[in-house]
Structure formats: structure tokens, C-alpha cells
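Structure first, commentary second.
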Amino acid sequence: MYSFEEDRILRWLRSENVNEVLLQVPDGIKPYIGGLVNFLVENDISVFVSGSHTWGGCDIAFNEAISIGIRHIVHIGHHGPVRVANFRGIKVLFIPGYYEIDTEKVSVLLIDFLRGKYNSIGLFTTIQHYRDFKKIVNELEKQKIRVYTGKSPDPFLPRGVIIGCDPRASDYLEKDVDVIVVIAGGIFHALSIGLWRSEKKVFSLDPYILKIKDVTPNIRKILSLRLHNIINAIDKEKFIIVISTKPGQFFFSQAKKIEKMLKKHGKKVLKIITEEVRRETFINMRVNDYGYINSACPRLSIDDPEIFPGPVVNIGEVKYILGIAKIEEYSLRDCLILNI
Ligand code: SF4
């Protein structure tokens, strides 16, 4: 199913002259890593598997590695580091975990969908399907469909690849397009572009179940949810600023800036720092009647707002609750913007 590039991992460890490694894998892929672990063990590598979840390239298990004295992490399932500036002396090999899809079926599905309706398409995918991306583009082009894509300013993100908090590749389409399609399981990644380019029709193509879905209704729902949260937060006198220690979600300087702004506007502030942002943390502290400023992964407030027991806004939305910007000017992009 997944390609774990075992030989490449072993070559890397040998070239680093080490015989121990910490494997970090998203929960959804963990059930499939038995073969990789056996392979490494048979080659005299001492393997530690991180039992924690990893949500993205923002979430690298430096603390776990340091606590067991390991200097090498193999991080599976993501393209590379996301906003991680300090590797704390640890080397990380990113293995995307490519998943082989039936490119012929995916291409036929897409061609049928586009036929007669759309002449040009903006096409994006996730790292899991990046290896098959070019083949699909070729098939579409053979049918005279104009296919365009773009590249995020993040140097680690390959052309055509997006992540949940970085849809900026869609700003760099070579030409304006009739429609944007994201090839990825579920709708999480298509929503990322849908929020960023809400003026466009955005569809997700799920290559696992071979279904295309218009994400516009989901975007509309998110818009009303965001506005609902902002309006409810405006009335709050007390705010919790949530700070995550995950290396690529640690927006501490932004959190401090927000604290100052809130205090200047006469608001009371409580700061909660945690690695994993969990509802139980807030419930357990019995912090009632607070609004929440989420400075961790922006998708938490968008996809799982119930984590926060009160109205929650992201960094780019703080200006609305403080009256610095008018709610009528709200743009869905604000929920993904990571600075104020
Ligand atoms: S911050 Fe959130 S959306 Fe961005 S890479 Fe990390 S987990 Fe994914």
C-alpha cells in the first residue's frame, strides 16, 4: 500500500553511521509499519516507534528523541518540515509514504467530470499522491484539457502539493482557471484551497473511493461558523490564549503580541501552553465564560471547534474581535493567516 522506501532509510542511517532511530508515523499509517520495523531490526537497527500521533511536518518528536538520547528521526507521511526553524541537533529524514493509486481510473473520472463543463483546471494534490500527479496531468493534457498548478513559497513543498494550513500554491497558478480540483483522501485538503480561494469552484477528488465532491457547501458552513465564533468572542471579557509547543505550531511571538493587544483593550488573559490541544484540558481547568485565541494549528478551530468550550478565533481573526477590522470585511483567508 504505502511505500516506505526501506532501502533509502537504511542507506541514510548507514551514511550517518548510527544504529538507532526514532520512527514517527501518523496514527492512520501506524498499522502498516510492521514490515519496515522488521526490516530495520533485521539490519541491526534499534528502532523506537513514537506512540504519539503526528499531524503534520509541524509536529516532529524532538522531545521524545532527546529524552532517549536519539539524534535521528525518520518521519513518515509528510513532505518535510513545516515552519520548523530549530532542529535541536536532531537530523530528520522525511519519507512521504507514497500511496499507489489507480491513475487510469482517477484520470478517467476527472476527464468525465470536466468534459463539456470546464476547459481549464487548477490541479493540486498531497504528498501521498505526488508520485502519480504527473501521470494524471499527462492524461488530462492528452484530452486537450489545460492543466495548471502552482508552488507554495515554502521551499519544502513541491510544486502542486498543498497542506492543510498552506494553500498558497493556489495563488501561483500560471493562468486563471475554470475550476480547482484537489486529489486527496477526504476533503481536508480541498477545504484548505476552498478557504483560500473562496471565489473559485473547488472540488475534492478522493482517489481511494473514486468520488468527486464540491466543497462549496462546506466552505459556506465554515464561513457561518467562523462569523458565529467571532461575534460571540466580541462580547467576552476574558480570553485564553492557547499555545502549542509543537515545533511548527509554536507561534509564541504572535501569542505575546495578542496578549498585549487584548490587555490594551481591557481584556483579561490566561495563557495555556500544551503540546496537544485537547478539550479535556480546558474542561478540567473549569475555565468558564472565556473566549479562546488559538495560536496552534489553525485547522483546529476550523475542523474541530468543539475542542474549545467557548468561541474560538485564530490569529488572523483577532483584529475582528478587537474592532481593529470590521466584521463586514471578513475574509475566509483570515482563518488561515498566521500573523497579526
Ligand atoms: S499546522 Fe495543522 S494543518 Fe498545518 S501542517 Fe500542522 S497539523 Fe497540518
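Just so you know, ligand 1 is whichever comes first in the structure, and atom 1 is the first atom listed for that ligand.
- One side chain, Y330 or E317, offers a donor N or O that lies under 3.5 Å from an acceptor on the other.
- Across all their heavy atoms, Q254 and N339 have their closest contact at OE1-CA, 3.3 Å.
- Side-chain contact annotation: W55 with E276, donor-acceptor N/O pair under 3.5 Å present.
- With no hydrogens or angles considered, a side-chain donor-acceptor pair links E64 and S52 at under 3.5 Å.
- With sequence neighbours left out, the side-chain hydrogen bond (donor to acceptor under 3.5 Å, both in side chains) criterion links R278 to no other residue.
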Please assess F156 against F94 for the test ring-ring contact (aromatic ring centres under 6.0 Å, His included), listing each intermediate value before the final yes or no. CA-CA 11 Å; F156 293 104; F94 286 88; 7.8 Å; no
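- With ligand atoms numbered from 1 in the order given, ligand 1 contributes 1 (S), 4 (Fe) to contacts under 4.0 Å with heavy atoms of R83.
- Inside a sphere of radius 2.8 Å centred on atom 6 (Fe) of ligand 1, the protein N/O/S atoms present are C58 SG.
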